Amino acid sequence: MADDRLPERSLRSAFWLLAVLVLVLSIRGWMDVALGLAAGGAIGLSSLWSICLLARSLARPAAGRVGWVVALVLLGKLPIYGVALYYITQSPLFHPLAVVAGVAAVPAVIALRVIGNQLCRRGCAPAGEGACRSDRDRSN
């Protein structure tokens, strides 16, 4: 069964992960890294949030003409993200690699959630004597 709440749960998890990392880095005195991580995280989180919000309204059967507007908004945000990333990476206030890490945190959280879900579904192997036997040994 697919997890319908994966994007919202990933948004929440990525936000709290980034918030804790920014807090720890700013306490440690690495303000340029903390600001870069916060800016990159804001771009990554807003990207996923807009996809969640706009893709749902685009997928409705009654979208009609609204579908074109939503599709234009989804494509129109890409140049805005590009310009924002350019100015953020050119500013001395932000560490460029931290910006990249902040943007990449959202897909990383999604990937880790999917991997964790798959590992939990697989279940644990039984422990003890029966775990070491092959199927042929069990039939005897």
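The structure presented is a predicted model; accordingly, all values stated were derived computationally and were not measured. Values reported hereafter were calculated over all heavy atoms of this structure, with side chains retained and with hydrogens, waters and symmetry mates removed.
Not counting sequence neighbours, Ser26 has no partner by the side chain to side chain donor-acceptor pair (under 3.5 Å) test.
Among pairs with a residue in residues 105-116, those fulfilling side chain to side chain donor-acceptor pair (under 3.5 Å) read Ser13-Arg113, at least two apart in sequence or across chains. Applying the side chain to side chain donor-acceptor pair (under 3.5 Å) definition to pairs two or more places apart or across chains, none involves residues 33-42.
Linking ILVMFWY side-chain heavy atoms closer than 4.5 Å, directly or via other members, places Met31 and Leu93 in two distinct hydrophobic clusters. One hydrophobic cluster, built from ILVMFWY side chains closer than 4.5 Å, holds both Leu18 and Val33. Both Leu48 and Trp16 are members of a single hydrophobic cluster when ILVMFWY side chains are connected at heavy-atom separations under 4.5 Å. No chain of hydrophobic side-chain contacts below 4.5 Å, direct or via other Ile, Leu, Val, Met, Phe, Trp or Tyr residues, connects Leu35 to Leu23. Hydrophobic clustering keeps Val22 apart from Ile43 (ILVMFWY residues linked when any side-chain heavy atoms are closer than 4.5 Å, directly or through intermediates).
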Which side-chain N or O atoms in residues 95-112 pair as donor and acceptor under 3.5 Å with protein atoms at least two apart or in another chain?
unit_1 : atom_1 : unit_2 : atom_2 : d
His95  : ND1    : Leu97  : N      : 3.4

Name each donor-acceptor pair under 3.5 Å that joins a side chain in residues 70-85 to protein atoms two or more places apart or in another chain, with its distance.
unit_1 : atom_1 : unit_2 : atom_2 : d
Lys77  : NZ     : Ser47  : O      : 3.4
Lys77  : NZ     : Ser50  : OG     : 2.7
Tyr81  : OH     : Ser46  : O      : 3.4
Tyr81  : OH     : Ser46  : OG     : 3.4
Tyr81  : OH     : Ser47  : N      : 3.3

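In terms of heavy-atom proximity, Gly36 sits nearest to Phe94 at N-CD2, 3.7 Å.
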